[in-house]
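Worksheet: one structure, shown below.
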Amino acid sequence: MFQDYDVIVVGAGHAGCEAAAAAANMGSKVLLVTMNLQTIGQMSCNPAMGGVAKGQIVREVDALGGYSGIVSDESMIQFRMLNRSKGPAMWSPRTQNDRMIFAAKWRAMLEETENVHFWQEMVKELLVEKGQVVGVKTSLGLAIRARAVVLTNGTFLNGLIHIGEKQFGGGRVGEKASTGLTEQLVDLGFESGRMKTGTPPRVDGRSLDYSEMEAQPGDEPKGRFSFKDTSIPKEQRACHITYTNPAVHDMLKQGFDRSPMFNGRIRGLGPRYCPSIEDKIDRFAERDRHQIFVEPEGWDTVEIYVNGFSTSLPEDVQYEAMRLIPGFKEVRMFRPGYAIEYDYFPPTQLGQSLETKLVKNLFFAGQINGTTGYEEAACQGMIAGINAHRAIKEEEPLILSRSEAYIGVLIDDLINKGTEEPYRMFTSRAEYRLLLRQDNADLRLTRIGASIGLADDARLSSVEKQEEDLAAIRRLLAKESILPEEINGTLAEKGTPEIPHKFKLLNLLLRPELNMQDLLSVDRIKEMFNEFSDKAIQQAEITAKYASYIAKEKENAERMKTLENIKLNGDFDYERLPSLSAEAREKLRKVKPRTLGQASRISGVSPADVSVLMVHLGR
């Protein structure tokens with residue numbers, strides 16, 4: 001019935017979809033196993049992609065040749081670039097999406113990927129021989145063999161759903177939990193833990209009074225995630241903002257004695273940066289209101305996602321509290337919010353390729369590694385899929401550094417520092433965030449994607465054209481001048497000194513009060529730049545204005561590379577170095593770093609410990 005596969009991917013959420021697509025597009029024969037073929041690419045929580053730092057990750061996945069950016073663009077109902085009031089390192093794209101179109105598009109793209117095969121069933125067990133995974137066994141007892149396996153089980157491993165005092169097994173409401181794998185992995189020597197996440201109620205948009213809320217329209221002109229010319233909608237749907245108040249908080253507090261968060265029923269730690277509404281009220285008692293985002297679920301549905309009201313309180317308390325929110329007086333609830341606990345495996349048990357250290361050719365990606373968010377899952381899935389393919393071809397794994405991609409930051413953080421709470425990416429986690437902007441992900445990563453067989457020739461040609469345009473724009477800025485009579489009026493309006501004689505364009509652009517649009521308001525100057533895209537012009541402006549800071553970050557990144565080039569033996573006995581601290585010996589033995597740079601980033605390894613290692617290595 002079954003062929004032998006190159007790669008089996010278990011789970012068809014965001015990590016599983018990207019893993020299957022990556023391995024298949026590189027030439028592996030892939031079997032995607034999921035408990036429900038109708039929920040491939042499901043947006044289990046909010047119908048949105050991107051956001052602060054997460055949008056950069058989606059752009060990076062796209063630049064490498066993944067599908068998430070394309071799916072997001074072609075299912076969007078709204079696009080916004082967040083943090084435009086801050087520096088360009090903070091700009092973060094975000095889409096609001098049609099939940100149904102998103103999942104349908106993901107399935108269609110996977111079905112159009114020749115090497116992806118599908119099977120609907122629960123995986124109960126891994127087939128392991130001589131320390132190497134060789135396939136999976138399903139709940140029907142079917143043994144399906146493969147040369148590598150990627151586990152992307154999301155919240156399904158022994159999932160337990162909580163609504164007030166009620167609890168029942170499930171990976172999502174209406175879907176059963178996955179059992180058997182955790183117990184086998186623990187028997188194989190893996191360490192496991194429990195985490196918790198949650199989701200808010202969904203309500204009937206026809207029952208809301210939007211006149212009491214603040215409208216939040218999308219950007220015009222609209223942006224997109226993908227560097228390809230994706231099909232994006234002509235229109236956009238507005239989201240809305242409202243707020244809780246003391247009356248809402250008082251009503252919610254009436255249910256605290258029945259809250260699984262406060263009565264000890266939930267043991268797993270929840271996401272610090274996306275807490276439930278009851279957690280916000282408890283932790284931030286001094287605040288008398290919290291923001292609520294009212295987000296449509298799609299074009300052709302009245303269902304609304306109440307972002308900011310994640311809760312596991314009893315359903316009657318949820319309902320009565322929501323009625324006290326401005327605009328929600330007559331609210332009708334489609335389904336209550338809930339919390340879910342699930343098993344995860346501390347990611348320090350993985351190498352930089354996301355292959356497990358205990359079982360060869362077994363890879364973990366997504367929430368099984370303790371992360372939260374579609375975007376974090378998608379990028380891990382892509383890297384796991386890439387490296388599963390490369391492992392069976394006996395090729396070196398693809399490892400992105402912290403100065404190359406947010407993806408590199410995320411994986412490096414996970415495997416070296418681990419996490420005891422759901423990990424979420426932020427721009428502040430990246431020390432080289434001026435290098436890792438959302439606008440230059442293609443310049444950073446498309447050549448890498450092309451070199452491993454993912455990014456196609458059209459993407460590579462586009463990057464080469466962009467590089468030529470940027471160089472040409474920089475030459476024009478350095479060479480061409482502007483006259484006082486052409487620009488002094490604008491300078492006065494902007495509150496910056498007028499010029500007494502002609503000035504080079506670059507010198508004026510470096511003034512913080514001015515931007516390229518000010519220079520292009522002069523017709524003669526605009527004509528010089530007519531052949532260039534808005535994207536190229538904006539990118540040239542960013543690199544010009546922040547040139548010294550970018551150069552400093554590049555210098556720091558190069559300095560760190562010297563440590564990355566010093567290799568360490570993964571099997572080295574650190575007990576032989578008594579000068580190392582006891583904590584450093586323990587952490588180094590556990591993580592088994594591949595380089596001195598990686599060792600330096602392990603929590604508990606001090607600069608003094610790094611010096612000891614350098615002396616030992618003769619450096």
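Note that the structure is a prediction, hence the values are computed from the model and not measured. Position 1 is the first residue of the sequence; numbering continues from there.
Judged by distance alone, the side chains of Asn369 and Thr371 never bring a donor and an acceptor atom under 3.5 Å apart. No side-chain donor-acceptor contact under 3.5 Å links Ser401 and Glu564. Counting only N and O atoms by type, the side chains of Glu295 and Gln96 include a donor and acceptor under 3.5 Å apart. Between the side chains of Asn387 and Ser353, not a single donor N or O lies within less than 3.5 Å of an accepting N or O. For the residue pair Gln539 and Gln466, a side-chain donor N or O sits within less than 3.5 Å of a side-chain acceptor on the partner. Using modelled atom types, one finds no donor on one side chain facing an acceptor on the other under 3.5 Å when comparing Glu375 with Ser68. In summary, the side chains of Arg172 and Ser44 do present a donor paired with an acceptor at a separation below 3.5 Å, with no hydrogens or angles considered. For the residue pair Ser75/Asp98, the side-chain donor-acceptor check at 3.5 Å is not satisfied. With hydrogens and angles left out, the side-chain atoms of Arg224 and Thr230 include a donor and acceptor closer than 3.5 Å.
Formation of a donor-acceptor pair under 3.5 Å by the Lys222 side chain with backbone atoms of Gln78 is not found in this model. With Thr562 contributing its side chain and Arg559 its backbone, the two residues share a donor-acceptor pair below 3.5 Å. In this structure, the side chain of Thr419 engages the main chain of Glu421 through a donor-acceptor pair within 3.5 Å. In this structure, the side chain of Glu553 engages the main chain of Leu435 through a donor-acceptor pair within 3.5 Å. With hydrogens and angles ignored, the 3.5 Å screen pairs no side-chain donor or acceptor of Asn25 with any backbone N or O of Gly453. The main-chain N or O of Asp412 is found under 3.5 Å from a side-chain atom of Asn416 such that the two form a donor-acceptor pair. Tyr374 contributes a side-chain N or O that, together with a main-chain N or O of Cys45, makes up a donor-acceptor pair within less than 3.5 Å. Judged purely by atom type and a 3.5 angstrom limit, Asp219 has no side-chain atom pairing as donor or acceptor with the backbone of Pro221. A donor-acceptor pair under 3.5 Å is formed between the side chain of Lys545 and the backbone N or O of Arg511. The backbone N or O of Pro93 sits nowhere less than 3.5 Å from a side-chain atom of Gln438 that would complete a donor-acceptor pair.
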Evaluate salt bridge (Lys or Arg N to Asp or Glu O under 4.0 Å) for Glu541 paired with Lys535, printing each intermediate quantity in order.
CA-CA 10 Å; Glu541 176 182 354; Lys535 176 189 172 184; over 6 Å; no
- Task: Using the salt bridge (Lys or Arg N to Asp or Glu O under 4.0 Å) rule, take Asp62 and Arg459 through it: C-alpha gap first, then chi angles, then the decisive distance, then the call.
- Result: CA-CA 10 Å; Asp62 182 78; Arg459 284 182 178 273; 3.1 Å; yes
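Considering all non-hydrogen atoms of both residues, Leu32 and Ala20 come closest at CD1-CB, 4.3 Å.
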Under 3.5 Å, side-chain donor or acceptor atoms of residues 477-486 against the rest of the protein: list the pairs with distances, not counting sequence neighbours.
residue: Glu486; atom: OE1; partner: Leu483; partner atom: N; Å: 2.9
residue: Glu486; atom: OE1; partner: Arg524; partner atom: NH2; Å: 2.8
residue: Glu486; atom: OE2; partner: Arg524; partner atom: NE; Å: 2.8

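Glu498 meets the salt bridge (Lys or Arg N to Asp or Glu O under 4.0 Å) test with no other residue; sequence neighbours excluded. When the side chain to side chain donor-acceptor pair (under 3.5 Å) test is applied to Arg202, the partners found at least two apart in sequence or on another chain are Thr199, Glu297. Residues passing the salt bridge (Lys or Arg N to Asp or Glu O under 4.0 Å) test with Lys494 are Asp518, sequence neighbours excluded.
Counting only residues at least two apart or in different chains, ring pair (Phe, Tyr, Trp, His ring centres under 6.0 Å) contacts with residues 446-489 are absent. Under the ring pair (Phe, Tyr, Trp, His ring centres under 6.0 Å) criterion, the residue pairs touching residues 495-541 are His501-Phe503, with sequence neighbours excluded.
For the pair Arg429 and Tyr423, the cation-pi test (distance below 6.0 Å, angle within 45°) is passed. Judged by a 6.0 Å distance limit and a 45° cone about the ring axis, Arg94 is not positioned over the six-membered ring of Phe79. Figure legend: cation-pi geometry between Arg84 and Trp91, with NZ or CZ positioned under 6.0 Å from the six-membered ring centre and within 45° of its axis.
Side-chain contact check for Tyr546 versus Pro88: some heavy-atom pair is nearer than 4.5 Å.
Across Arg424, Lys54, His14, a single residue satisfies side-chain hydrogen bond (donor to acceptor under 3.5 Å, both in side chains) together with Glu376, and that is Lys54.
Lys465 and Glu468 are not joined by a salt bridge, as no carboxylate oxygen comes within less than 4.0 angstrom of a charged side-chain nitrogen.
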